[in-house]
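Input: a single structure, listed below in structure tokens.
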Amino acid sequence: LFSTLHTLRSEQHKNVVERVGQQLKVLYGPLLACLTASKSSYDAMLRQSTALITTVSSRCNSQDSRIGHCEFREAVRRDPHGPQAVAYRAWVKEVLMPLSAKAAALVIERADLLEGMAIEPLLLQLVAHVSAYKIILKQWEEGALHEHSIIPYPDEIHQWASMEFTRLKRRQAKLLGLARGPLSGGLMRLFAKL
């Protein structure tokens, strides 16, 4: 009986370790990489385009934490043929959309690896945003340069993905006996290396 219970618990533990490994390898790791690259690229676009902006719109929200985000967005909408708008469309088409599309595809294709009983609303908003931008890109190709999506990019998604990735990495370390705690002494780390 003890042997059967031990075997059952060992198998359950092995399955949990494998699932967490898959979650990190196939979903949360690549998702975080795409979102981080997208955020860094967007910030680089803003820095590069900030020099082009000569006026600040009075409609900008002072709560916006990104330097130049509101001013840039307003400049793009104000003059669809201006340098900011031309730069924005190039960045969206060549960099931002491919990264966001990859992230959305991960959510759609690997939803089985998500934690919890429901899909995080930020992930659903990302998928909707990417879907809407496919139409926007088509409209831009047809000359409708004033078009923009009414489904905003979920700015908080990077922070959410980073926190989830970190949480899963901690869980993985704990399952492997690598986490610091009362049962994580040198003996457990030794077994983990074997």
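We count residues from 1, following the sequence as given.
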For this session: Can you establish whether the number of heavy atoms outside Arg19 located under 6.0 Å from its atom CZ is more than 12?
Result: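 More than 12 heavy atoms, drawn from other residues, nucleotides or ligands, come within 6.0 Å of this atom.
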Exercise. Should we say atom CG of Leu124 is surrounded by more than 12 heavy atoms from elsewhere, each under 6.0 Å from it?
Worked result: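 Counting neighbours around CG of Leu124, more than 12 heavy atoms of other residues, nucleotides or ligands fall under 6.0 Å, so yes.
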Closest approach of [X] and [Y], non-hydrogen atoms and distance?
X: Val130; Y: Ala101; result: CG1-CA, 3.9 Å
X: Gln125; Y: Pro152; result: NE2-O, 2.8 Å
X: Ala132; Y: Ile151; result: CB-CD1, 4.0 Å

Any donor-acceptor pair under 3.5 Å from [X] side chain to [Y] backbone:
X: Gln84; Y: Ser49; answer: no
X: Ser41; Y: Ala37; answer: yes
X: His13; Y: Leu175; answer: yes
X: Ser131; Y: Val127; answer: yes

For this session: Sequence neighbours left out, what passes ring-ring contact (aromatic ring centres under 6.0 Å, His included) with His129? Give chain and number order.
Result: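 ring-ring contact (aromatic ring centres under 6.0 Å, His included) check on His129 returns Tyr133, Tyr153.
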Exercise. For the residue pair Tyr88 and Trp140, does the interplanar ring angle fall in the parallel (under 30°), tilted (30 to 60°) or perpendicular (over 60°) class?
Worked result: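 Perpendicular, since the angle between the ring planes exceeds 60°.
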Look at the side-chain heavy atoms of Ile, Leu, Val, Met, Phe, Trp and Tyr, link any pair under 4.5 Å apart, and say whether [X] and [Y] land in one connected group.
X: Leu35; Y: Leu122; value: yes
X: Trp91; Y: Phe72; value: yes
X: Leu126; Y: Ile135; value: no
X: Phe165; Y: Leu178; value: yes
X: Ile108; Y: Leu113; value: yes

Problem set entry | Sequence neighbours excluded - salt bridge (charged side-chain N to carboxylate O under 4.0 Å, His left out) pairs with any residue from residues 88-102 |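 Passing the test, one end in residues 88-102: no pairs.
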Nearest 0.5 Å, what's the [atom1]-[atom2] distance between [X] and [Y]?
X: Leu99; Y: Thr36; atom1: CG; atom2: OG1; answer: 10.0 Å
X: Gln23; Y: Arg110; atom1: CD; atom2: CZ; answer: 10.0 Å
X: Leu168; Y: Leu27; atom1: CG; atom2: CG; answer: 9.0 Å
X: Glu71; Y: Leu46; atom1: CD; atom2: CG; answer: 9.5 Å
X: Leu106; Y: Leu114; atom1: CG; atom2: CG; answer: 10.0 Å
X: Leu145; Y: Ile136; atom1: CG; atom2: CD1; answer: 11.5 Å

Exercise. Please walk me through it: do Tyr42 and Asp155 pass side chain to side chain contact (heavy atoms under 4.5 Å, CB included)?
Worked result: CA-CA 11 Å; Tyr42 186 85; Asp155 288 327; over 6 Å; no
Problem set entry | Pairwise side-chain contact, Gln139 with His146, heavy-atom cut-off 4.5 Å (strictly under) |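 The answer is no; the side chains never approach within 4.5 Å.
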Exercise. Can you find a heavy atom in the side chain of Asn15 that is under 4.5 Å from one in the side chain of Gln12?
Worked result: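 Not in contact.
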For this session: Sequence neighbours left out, what passes salt bridge (charged side-chain N to carboxylate O under 4.0 Å, His left out) with Glu115? Give chain and number order.
Result: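 Listed in chain order: Arg167, Arg171.
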Exercise. Is any side-chain N of the basic residue among Arg47 and Asp43 closer than 4.0 Å to the acidic one's carboxylate O?
Worked result: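 No, this pair does not count.
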